[in-house]
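Report on one structure; see the data block that follows.
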Amino acid sequence: MDEKYFAQKIEQKWQKRWAESGAFEAEVDAARPKFYCLEMLPYPSGRLHMGHVRNYSIGDALAWYKRLQGFNVLHPIGWDSFGQPAEQAAIKKGVNPREWTEDNINQMREQLQRLGVSYDWRREIAAHRPEYYKFDQWFFLKMYEMGLAYKKMTKVNWCPRDQTTLSNEQASGGVCWRCGSPVEKKDLAQWFLRITAYAEELLGGMTEIEAGWAERVLTMQKNWIGRSEGAFVEFEVRAANGIERVSGETHSTENSNAETSTAADGSDKAAADKIRIFTTRIDTIYGANAILVSAYHPIIESNFDNFSDEVKAKIEEIKIELAKPTDYGEEVEKDGVDTGLKATNPFSGEELPVWVGNYVMIEYGTGAVMSVPAHDERDFEFAKKFNLSIKQVISAKDAAFKEKDETSIALDKTSNVFDKASNVLDETSKTLDKTSNIFDKSSNVFDKTSKGLETTNNPSEAFTEYGILMNSGEWTGKTSEDAKREMAEYAAKNNFGKATVNFRLRDWGISRQRFWGAPIPIIYCEHCGTVPVAIADLPVRLPESAPFTGVGESPLAKVPEFVNTFCPKCGAPARRETDTMDTFVDSSWYYFRYADPHNEDMPFNPEVVAYWLPVEQYIGGVDHAVMHLLYTRFWTRAMRDMGLVNFDEPVRNLLTQGMVVGESYYSEEKASYIPPDEVNIERDERGKILSAALASDDSPVKVAVEKMSKSKYNGVDPDDMVLIYGADAVRIFALFAAPAENELVWQETGIDGAVRFLQRVYRFVYRWREAISGVWPNVVTLLEESDTSTIETTGQARKLRQKTHQSIKRITDNFESYQFNTPVAALMELSNALGDFKIEPEAASGEELFAVTEAVRNLILMLAPYAPHIAEELWEVLSGSDKGILASGARFPTVVENLAKADEIEIPIQVNGKLRSRILVAPETAQKELEALALSDAKIKEHTDGKQIVKVIVVPNRLVNVVVKG
RNA sequence: GCUUGGGUGGCGGAAUUGGUAGACGCACAGGACUUAAAAUCCUGUGUCCGUAAGGGCGUGCGGGUUCGAUUCCCGCCCUAAGCACCA
């Protein structure tokens, strides 16, 4: 043991030893409880960034903790190695994507190993390797068989000049990111996975995991799935005078979500004689003044030739405007055109004009809506703009509340009364709260209702609440709720509509016209049509290389050896599908593969997965809250339906870590970010920034805290940090500086604190090493095998033991509730307590040496999840064993409750809720005694003198509050 | 606009879920050691008044409930993230 702490030396030593001994390798062991600790797999960009370090530090702390608790811990890592950057590198630099990717993986693996994360490296996987993507294809074929994978026409962003599809990001601003040509929408056949078939289940399954997932993630998923209950209604269409109507096939009235979306997006030649709309407010249908359809609605396409030139031009204009992406927050002005077509309201028999509306989305519902301006804000705006009629059909719920003002005030008072009541009655408070909420809500409704009542022929705004139907034929007088139900039933009975549930969720388009992905295993034969590749023929391998121009269709289409094949059915020459799969496919099931990573016949052995899965703890960024985490929940259900797994929810607990951010400096004058060493910062004596200016010309600079990035000069390279401070210090800082969910501000001075802490621990152990190692075997035996709470200790030895056991309690509690920052504080406190132990090792009495040894041993064990290298090293120094903490079978310490208890506790005494004095008493001092002590306290007497003591509140072991009057 | 978080010292953050607000760390100030610096150690550090003892104020703002509120209730303000004309 060196006198000084050299992080590099210790860390390399233990990384080597762990690897040699297979310390973190786990196998199925039915006799032990298992724990699956999973971190999101990284994209192999080549360099680790701080976000990774944070992610893996959290995961590793948990893995270590659980291992020390005796769990059989699965802690794997792999590479999300398919995707755009490799292909970009190929296009730009002409490198081979495979080599580029493998190089990056090698670099990053080394960086991870330098961090000393406790992975079972035998289980490493990489999505781009045939032995992995073979099973992407395997799953695709299974889903194809089950009807979960299908191909359909869809609109994509298309650059007419480069002849290529563009992602939404690449079509930003409505122009191609490469050549600047205006982007077109093009129909292209794409492969989809039918995630919508599980929409209801994905929503319902949330109750199973809500305890373990952050609420915001579940809410985001809920919104994304976007379930809404309503009805569809069909309107018969006929041509206006002088326009010939073109009829298509009759639209099926059988409703399924997939069906509606198919009809809406134009893949079927949909009916031209009926328009199907979706509404959540069928009760307002008598107020419809028009039918609005999307510019892409099939009825527009099939009748287009018969429209007047003016209408045609307007529709084209709307399409162009729609193609332009809009910024968040930007409100697009309502626009539209009357097509001249007419539709009949099946309820009222009224004839309504059919308009194209720019705010009707082809992607949602049926691509057509009924416009009810009196009761929908958007329709209201539209009607105002084009001077369309506005007819009110819903009125206030209860005419008795017409005199709104008094009523709602009265109700507000009532709700306040209820609030008071709820506070008084703890038990019933919940029920009462609800009641008061209802009152609050109703008072709101009444407020709005008043506006509804004023409404006549020319309302000033839309009334969107529920109410009582008016001007609605036989339905007049019914409540909205009743009318919704009954009108949907009526529509169903008469075959022009039905109650239905609509989802915002779309099927998952997985086709990518790219090279660096898993080829979709499909063959097109002139005679047999679309033919799946036989499972025995998997994998469909990517060719070594392809012409990477970044222009035109998929590079795979330009590789004849890949494209040309033979039909598996009839043997005739055929062509392969040249689309590859979305990389989210790889990440939807990778952590199942970790359980059985080398299986050649199956994605995994279901029995092995039944042992390791589900994942106990998943850790990653919130940015995956919807896409990845929704896809993988879908994938699990699909696997369940394949008979591979027997559960629905793959992840029990999800921790979404915050971003790592750094201070950045922006000069408005230069309109650019400035590197830190070119900025002068003036701080006040406390360190608060007073001003920041450019070093060169003294012009002002804006200081901000933003996500780390190279262009902002506010990033740090974790590898450099590890080199300078050591992996243990970097990891401690990453965990200590902020709660895992929060943003983490990276501050170089902060990491100094972590280093200082480790050095203090190291120095202490160095000073005491001889004394402790002399008694180590005896003390450890004692601690492990007998009840040490009976050992009498006094003075500072007793105090230290108390601190030790309080720390164990706190740290264990914190780990169990997934708090990773507060245990570090507790470890520091324990280390400070050791520092306060003012005695030389040689002079220590038996009980003092015992107390110190106990404290140091437990400190090392509890430090291991944060700083495993130094923990191992110190353990070795003191125990004399070179096997390390884990190999020697060490366990996380357990608290001895009566040692954690203080001999004396401080009880605050308040007068009227203000702290006035404190007394020291034995724990569990009786209530009466506490009261007497408090009242006789000199300081308290000062404050109560000449006043009437109304009552004394005594909370044993907590506080005393004396209430006085006058 | 909707949804969900969050607002505590100069900063990151603690606070057993109604019971001593500011643990721990950073930064800063003073001191010790040193020829000097670094490192280390000690002391102080919410704010205002006061030499001090002590006292006033203080967890975004305004109310409320309570002996007692950072914590519960009502109403605002600010802020972050996600979604966004979803019919």
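Chain identifiers are assigned alphabetically (A, B, ...) following the order of the sequence lines, protein sequences preceding nucleic acid strands; residue numbering begins at 1 within each chain.
For A:T219, taking side-chain heavy atoms from C-beta onward, the closest of the listed nucleotides B:G54, B:G19, B:U3 is B:U3. Side chain of A:K334, nearest nucleotide from B:C85, B:G13, B:C41: B:C85. Of the candidate nucleotides B:A27, B:A14, B:G5, B:A27 has the atom nearest to the side chain of A:T749. The side chain of A:N832 approaches B:C24 more closely than any other nucleotide in the set B:G12, B:C85, B:C24. Taking the side chain of A:R216 as heavy atoms from C-beta on, and the options B:U4, B:C24, B:G68, the nearest nucleotide is B:U4. With B:C85, B:A14, B:G13 as the choices, the nucleotide that has an atom nearest any side-chain atom of A:A738 turns out to be B:G13. Here B:A23 is the nucleotide among B:G54, B:A23, B:G55 with the atom lying nearest to any side-chain atom of A:A825. Of the candidate nucleotides B:G12, B:G19, B:U20, B:G19 has the atom lying nearest to any side-chain atom of A:V955. When distances are taken from the side chain of A:F278 to each of B:C67, B:G13, B:A87, the shortest belongs to B:A87.
Here the options are A:V356, A:I362, A:V369, A:T366, the test is side chain to side chain contact (heavy atoms under 4.5 Å, CB included), and the partner is A:V293; only A:V356 passes. The only member of A:T812, A:D813, A:I811, A:L863 that meets side chain to side chain contact (heavy atoms under 4.5 Å, CB included) when paired with A:P823 is A:I811. Tested against A:N912, the residues A:V964, A:V962, A:V950 include a single side chain to side chain contact (heavy atoms under 4.5 Å, CB included) partner, A:V964. The side chain to side chain contact (heavy atoms under 4.5 Å, CB included) with A:Q657 is formed by just one residue from the set A:E743, A:E741, A:R54; it is A:R54.
In this structure, A:E741 reaches neither bases nor backbone, as no heavy-atom distance under 4.0 Å exists between it and the strands shown. Among the atoms of the strands shown, only primed sugar atoms or phosphate atoms (P, OP1, OP2) are found under 4.0 Å from some heavy atom of A:K914. At a threshold of 4.0 angstrom between heavy atoms, the contacts of A:R760 are confined to the sugar-phosphate backbone, with no base atom among them. Looking at heavy-atom distances under 4.0 Å, A:D379 makes no contact with the nucleic acid at all. Across all strands, A:D813 comes closer than 4.0 Å to no nucleic acid atom at all (heavy-atom distances). Heavy atoms of A:G226 sit nowhere under 4.0 angstrom from any nucleic acid atom. Looking at heavy-atom distances under 4.0 Å, A:Q910 makes contact with a base. Looking at heavy-atom distances under 4.0 Å, A:V950 makes no contact with the nucleic acid at all. Using a 4.0 Å heavy-atom cutoff across all strands shown, A:M828 reaches sugar-phosphate atoms only and no base atom. Across all strands, A:R918 comes closer than 4.0 Å to base atoms (heavy-atom distances). A:V963 comes within 4.0 angstrom of sugar-phosphate atoms only, judged by non-hydrogen atoms across all strands, and of no base.
Residue A:R916 places none of its side-chain N or O atoms closer than 4.0 Å to OP1 or OP2 of B:G68. Of the side-chain N and O atoms in A:H375, none sit less than 4.0 angstrom from OP1 or OP2 of B:A87. Phosphate contact (OP1/OP2 of B:G6, side-chain N/O of A:N742, threshold under 4.0 Å): absent. Between A:R504 and B:A84 there is a side-chain polar atom (N or O) within less than 4.0 angstrom of OP1 or OP2. Remark: A:K4 is not in phosphate contact with B:U40, judged by side-chain N or O atoms under 4.0 Å from OP1 or OP2. The phosphate of B:C86 (OP1 or OP2) has a side-chain N or O of A:R378 nearer than 4.0 angstrom. Taking only side-chain nitrogens and oxygens, A:Y364 comes nearer than 4.0 Å to OP1 or OP2 of B:A87. Taking side-chain N and O atoms only, A:S228 has a distance below 4.0 Å to OP1 or OP2 of B:A87. Between A:Q819 and the phosphate of B:A15, there is a side-chain N or O to OP1/OP2 separation shorter than 4.0 Å.
The same atom, P, is picked in B:G10 and in B:G46; the two are 10 Å apart, to the nearest Å. Taking atom C1' in both B:U51 and B:G13, one finds a spacing of 35 Å when rounded to whole Å. When the C1' atom is used for both B:C49 and B:A32, the distance is 33 Å, rounded to whole Å. Comparing B:C77 with B:A23, their P atoms are spaced 34 Å from each other, to the whole Å. Distance noted for atom P between B:G58 and B:U71: 13 Å (whole Å). With both ends at atom P, the span from B:U43 to B:G25 equals 12 Å, rounded to whole Å. Taking atom C1' on both nucleotides, B:U45 is separated from B:G22 by 12 Å, rounded to a whole Å. Nucleotides B:U8 and B:A80 are separated by 14 Å at their P atoms, to the nearest Å.
Proximity of A:R916 to A:I909: side-chain heavy atoms (C-beta onward) are nowhere separated by under 4.5 Å. Between A:M721 and A:V53 there is no side-chain heavy-atom pair separated by less than 4.5 Å. Residues A:V360 and A:W355 form no side-chain contact, since every pair of their non-hydrogen atoms from C-beta on lies 4.5 Å or further apart. A:V233 has its side chain out of reach of A:M370: every pair of non-hydrogen atoms, C-beta onward, lies at least 4.5 Å apart.
Nucleotide B:C28 forms a pair with B:G44, judged by Watson-Crick or G-U wobble geometry with both contacts under 3.5 Å. Under the Watson-Crick or G-U wobble criterion, with both distances below 3.5 Å, B:C2 is paired with B:G82. Using N1 to N3 plus N6-O4 or O6-N4 for Watson-Crick, or N1-O2 and O6-N3 for G-U wobble, each under 3.5 Å, B:A69 pairs with nothing. In this structure, B:U16 makes no Watson-Crick or G-U wobble pair, since no nucleotide meets both defining distances under 3.5 angstrom. For B:C33, there is no paired nucleotide, since no Watson-Crick or G-U wobble pair has both relevant distances below 3.5 Å. In this entry B:G62 has B:C74 as its Watson-Crick or G-U wobble partner, both defining distances falling under 3.5 Å.
For the pair A:R227 (side chain) and A:A199 (backbone), a donor-acceptor distance under 3.5 Å is absent.
Across all non-hydrogen atoms, the minimal contact from A:Y286 to A:K391 is O-NZ, 3.2 Å.
Distance CE (A:M220) to P (B:G5): 13 Å, rounded to an integer number of Å. Look at CZ on A:R958: it is 11 Å from C1' on B:U17, rounded to the nearest Å. The CG-C1' distance, from A:L744 to B:G12, rounds to 9 Å in whole Å. Between the CD1 atom of A:I907 and the P atom of B:U20 there is a distance of 11 Å, given to the nearest Å. With rounding to whole Å, A:I905 atom CD1 is found 15 Å from B:G19 atom P. For A:F733 and B:C26, the CZ to P distance is 11 Å, given to the nearest whole Å.
Nearest-nucleotide positions on RNA chain B place A:A826 closer to the 5' end than the other of A:I953 and A:A826. Annotation: of the two residues near RNA chain B, A:V622 and A:R763, the 5′-most nearest-nucleotide partner is A:R763.
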